[in-house]
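First up is the structure itself, then whatever we jot down about it.
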Amino acid sequence: MNTFNQIIRGILFLVLAVFGMAMALIFMVSTAIAVAILYVVARIKGRPFGVKAYWEERRASTGSKTVFKNKDVTDIEMREIP
């Protein structure tokens with residue numbers, strides 16, 4: 001009976017391992033498709049495709065926006081909530 005339980009556990013482990021590898025393969029293929037789509041869109045729009053270009057573009061667009069015009073905020077108001 002113990003040998004039978006070990007065989008069942010081994011088969012279950014093998015099935016789960018194969019299922020996990022299939023999920024990883026699907027994830028890698030879908031990621032490759034998404035990167036390929038991003039590459040094609042970047043080529044069509046004439047922009048460079050890469051992390052450095054993306055990071056510089058994001059930094060340039062958010063760098064001009066500031067929340068406070070004067071960055072020296074020193075006065076705050078506190079209220080006690082009863």
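Computed from a predicted model, the values in this text were never measured in an experiment.
Once rounded to the nearest 0.5 Å, the distance linking CZ of Arg43 with CG of Leu38 reads 13.5 Å. Put simply, OG1 on Thr3 and CE on Met1 are 10.5 Å apart, with the number rounded to the nearest 0.5 Å.
Note on Ile7: it clusters hydrophobically with Val15, by side-chain heavy-atom contacts below 4.5 Å among ILVMFWY residues. Put simply, Phe4 and Leu12 are part of two different groups of oily side chains (I, L, V, M, F, W, Y) that touch within less than 4.5 Å, one to the next.
Residues Ala42 and Pro48 share a closest heavy-atom pair of CB-O, 4.5 Å.
In this structure, Ile26 shares a hydrophobic cluster with no other residue, the cluster being traced through Ile, Leu, Val, Met, Phe, Trp and Tyr side chains under 4.5 angstrom apart.
When the shell of 6.0 Å around OH of Tyr39 is examined, it contains 12 or fewer heavy atoms from other residues, nucleotides or ligands.
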